[in-house]
Chemist: 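This is the structure, below, for whatever I ask next.
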Amino acid sequence: MDTSVVIERPTGSGVAGAPPPAIGITGLTVTYGKVTALADFDLQVARGETVALLGPSGSGKSTALKAVAGFLRPSAGRVTLDGRDVTHEPPNKRGIGVVVQNYALFPHMRVADNVAFGLRARRVPRAETARRVTEALDMVGMETYGRRYPRELSGGQQQRVAIARALAIRPPVLLLDEPLSALDATLRSDLLGELQRLRADLPDVAILYVTHDQTEALALADRIAVMRDARLVDIDTTDRLYRRPPSEFTASFLGAANLLPARVAGPCAADAADARAHVGPLTVPVDPARAFRADDLATLVARPHTLTIAEPEAPGVLRGVLTGTQWRGATYRLTCVLDEPAGTEVRCDVATMDGVPALGAPVGVRLPAEPCVLVPVGGVA
């Protein structure tokens, strides 16, 4: 069975007479000698849209952003901003805002001067510069910190200033390269909320957001582009990609889904309402992400919070052995190894340990009542 993923190459804005995308990327490739950092990458981001590039380290997501920013020269492909080809233009000619994870503030400049830097480089009049600096600092909640130096700020405050500096030039495109990765968990949560508010306050700005954190991607993006090994794997709306992932890799990376070996019970079309598959000793309804033939091998996607624990002899369960427990504050993560499909490890999140057997004891794992998504075999990291 062919399990390859086909990413359809965009050919334009998609609608006759519609405005061009704020960001247009076609066939973008970046190589360093014999190493390919980004391969044949296509993406369009509309005005007012936020797209997250999500993937593990080395997947090519930061390379793509740097090529859009002009920090890297592509080996092949094309970058347009609002329909203007900027593939070979330097960064300062592209008119975009960029925020990187290490803040990149000038340590010898006060906060207000850092924010004003791009405006002064563009020779914006002094009165207008002062007004925009005040506006940008107010937007990120730093209006009273203009006289301070970066060393006098916390990490979260420095990142806010970096965002204000990018916004002060009023860019049509904002590029964010893992802006929260250097912050602790509390600061990340606080600044994520600020970014959500900013996104609502900037309805016309196209945002390309690079992250390896699924929480950030789900909270901020309209669409998520999942990347792996320098290539685009899957792209769709945030909700659809989470609820109906089209591949094993995306299901596993976005939401840490359980992947259970399955065999298709009969031929079915994509999204068929009556599709069924054999999973161990059970035959269960499934939601096929693509068309399958009878007896095709496939993978059932079941997220940990949708599984429940039952007695091992209960009807309609997958029998196994409890091999691990992990307290996560609000929930407990249970790890079980199934008898059938033999050796398959599954994770189940429960609110309480009441009724959970001891480690090493037999246990029943019940699949959710709603049909689970069925995807082609292959593509797990």
Chemist: Under the criterion side chain to side chain contact (heavy atoms under 4.5 Å, CB included), which of Asp222, Val205, Leu208, Leu174 is the partner of Thr50?
Modeler: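 Among Asp222, Val205, Leu208, Leu174, the one meeting side chain to side chain contact (heavy atoms under 4.5 Å, CB included) with Thr50 is Asp222.
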
Chemist: Is the closest side-chain heavy-atom distance between Val161 and Val140 below 4.5 Å?
Modeler: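 The answer is no; the side chains never approach within 4.5 Å.
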
Chemist: Heavy atoms, side chains only, cut-off 4.5 Å: are Gln157 and Ser154 in contact?
Modeler: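 Side chain of Gln157 against side chain of Ser154, heavy atoms only: contact under 4.5 Å found.
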
Chemist: Could you grab the distance from atom CD1 of Ile235 to atom CZ of Arg240, nearest 0.5 Å is fine?
Modeler: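 Rounded to the nearest 0.5 Å, the CD1-CZ separation comes out at 13.5 Å.
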
Chemist: Less than 4.0 angstrom from a charged side-chain N to a carboxylate O is my criterion; do Asp40 and Arg231 meet it?
Modeler: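 The answer is no: the pair does not qualify as a salt bridge.
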
Chemist: Can a donor-acceptor pair be found between the side chains of Tyr332 and Gln326 at a distance below 3.5 Å?
Modeler: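 Tyr332 vs Gln326: no donor-acceptor pair found between side chains.
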
Chemist: Looking at every heavy atom in both Val173 and Ala22, which two are closest together, and how far apart are they?
Modeler: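 What the structure gives for the nearest pair is CG2-O, 3.9 Å.
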
Chemist: Here's one to test your reading of the geometry: is the NZ or CZ of Arg160 within 45 degrees of the ring axis of Tyr145 and under 6.0 Å from its centre?
Modeler: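 No.
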
Chemist: Is Arg293 paired with Asp296 through a side-chain N to carboxylate O contact shorter than 4.0 Å?
Modeler: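 Between Arg293 and Asp296 there is a salt bridge, with a charged N closer than 4.0 Å to a carboxylate O.
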
Chemist: Can you confirm if the NZ or CZ of Arg290 lies within 45° of the ring axis of Phe292 and under 6.0 Å from the centre of its six-membered ring?
Modeler: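 Because its charged atom sits under 6.0 Å from the ring centre and within 45° of the axis, Arg290 does stack over Phe292.
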
Chemist: How about Thr331 and Val350: do any of their side-chain heavy atoms sit closer than 4.5 Å?
Modeler: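 Side-chain contact under 4.5 Å: no.
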
Chemist: Counting heavy atoms not belonging to Glu128, are there more than 12 under 6.0 Å from its CD?
Modeler: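 Counting other residues, nucleotides and ligands, CD of Glu128 exceeds 12 neighbours.
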
Chemist: Cation over ring, Arg165 on Phe106, under 6.0 Å and within 45°?
Modeler: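 Yes, Arg165 and Phe106 form such a contact.
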
Chemist: Taking NZ, NE, NH1 and NH2 as the nitrogens, is one of them in Arg188 or Asp184 under 4.0 Å from a carboxylate oxygen of the other?
Modeler: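 No, no charged N to carboxylate O under 4.0 Å.
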
Chemist: I need the minimum non-hydrogen distance between Leu259 and Ala251, along with the two atoms involved.
Modeler: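 Minimum heavy-atom contact is CD2-CB, 4.2 Å.
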
Chemist: Can you tell me if Ser75 and Thr29 form a side-chain donor-acceptor pair at under 3.5 Å?
Modeler: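 Looking only at side-chain atoms, Thr29 and Ser75 do not form any donor-acceptor pair under 3.5 Å.
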
Chemist: Membership question, hydrophobic clusters at under 4.5 Å side-chain separation (ILVMFWY): are Leu192 and Leu202 in the same one?
Modeler: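 Hydrophobic grouping puts Leu202 with Leu192.
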
Chemist: When you check the gap from the basic side-chain N to the acidic O, do Asp113 and Arg120 get nearer than 4.0 Å?
Modeler: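 Yes.
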
Chemist: Decide, yes or no, whether a salt bridge links Arg228 with Asp234 under the criterion of side-chain N to carboxylate O below 4.0 Å.
Modeler: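 The answer is no: the pair does not qualify as a salt bridge.
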
Chemist: Nearest heavy-atom pair of Val68 and Ile96: which atoms, and what distance?
Modeler: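 Looks like O-CD1, 3.9 Å.
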
Chemist: Side chains of Thr250 and Ser247: do they bring a donor and an acceptor to under 3.5 Å?
Modeler: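 Note: Thr250 and Ser247 side chains meet the donor-acceptor criterion.
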
Chemist: Apply salt bridge (Lys or Arg N to Asp or Glu O under 4.0 Å) to Arg243 and Asp287, showing your working.
Modeler: CA-CA 11 Å; Arg243 297 183 186 279; Asp287 179 11; over 6 Å; no

Chemist: Might you work through the side chain to side chain contact (heavy atoms under 4.5 Å, CB included) test for Val86 and Thr80, ending with a clear yes or no?
Modeler: CA-CA 5 Å; Val86 298; Thr80 63; 6.0 Å; no

Chemist: Does Val377 form a side chain to side chain contact (heavy atoms under 4.5 Å, CB included) with Glu248? I'd like the steps, not just the answer.
Modeler: CA-CA 7 Å; Val377 173; Glu248 282 188 355; 4.2 Å; yes

Chemist: Just by distance, no angles: are the side chains of Glu178 and Thr211 close enough, under 3.5 Å, to form a donor-acceptor pair?
Modeler: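 Checked: Glu178/Thr211 side chains show no N/O donor-acceptor pair below 3.5 Å.
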
Chemist: Please name the pair of heavy atoms, one in Gln44 and one in Glu49, separated by the smallest distance, quoted to 0.1 Å.
Modeler: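 So the two residues come closest at O-OE1, 4.0 Å.
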
Chemist: Which residue pairs pass the salt bridge (Lys or Arg N to Asp or Glu O under 4.0 Å) test when at least one of the two sits in residues 70-84, sequence neighbours left out?
Modeler: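 Residue pairs with at least one partner in residues 70-84: Arg47-Asp82, Arg78-Asp85, Arg84-Glu89.
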
Chemist: Take a 6.0 Å sphere around CD of Glu143 and say whether it holds more than 12 heavy atoms from other residues, nucleotides or ligands.
Modeler: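 Yes, CD of Glu143 has more than 12 neighbouring heavy atoms, counting only those of other groups under 6.0 Å.
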
Chemist: Please check if Leu220 and Leu191 belong to a single hydrophobic cluster, counting links between Ile, Leu, Val, Met, Phe, Trp and Tyr side chain heavy atoms closer than 4.5 Å.
Modeler: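 In one cluster: yes.
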
Chemist: What do the steps show when you test Leu300 against Val286 for side chain to side chain contact (heavy atoms under 4.5 Å, CB included), and what is the final call?
Modeler: CA-CA 8 Å; Leu300 186 84; Val286 293; 3.5 Å; yes

Chemist: Taking the basic N atoms (NZ, or NE/NH1/NH2) and the acidic carboxylate oxygens, is any pair closer than 4.0 Å for Asp236 and Arg244?
Modeler: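 No, Asp236 and Arg244 are not salt-bridged.
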
Chemist: May I ask you to say whether Glu135 pairs ionically with Arg132, meaning some side-chain N is under 4.0 Å from a carboxylate O?
Modeler: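 Not counted as a salt bridge, because no side-chain N and carboxylate O are separated by less than 4.0 Å.
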
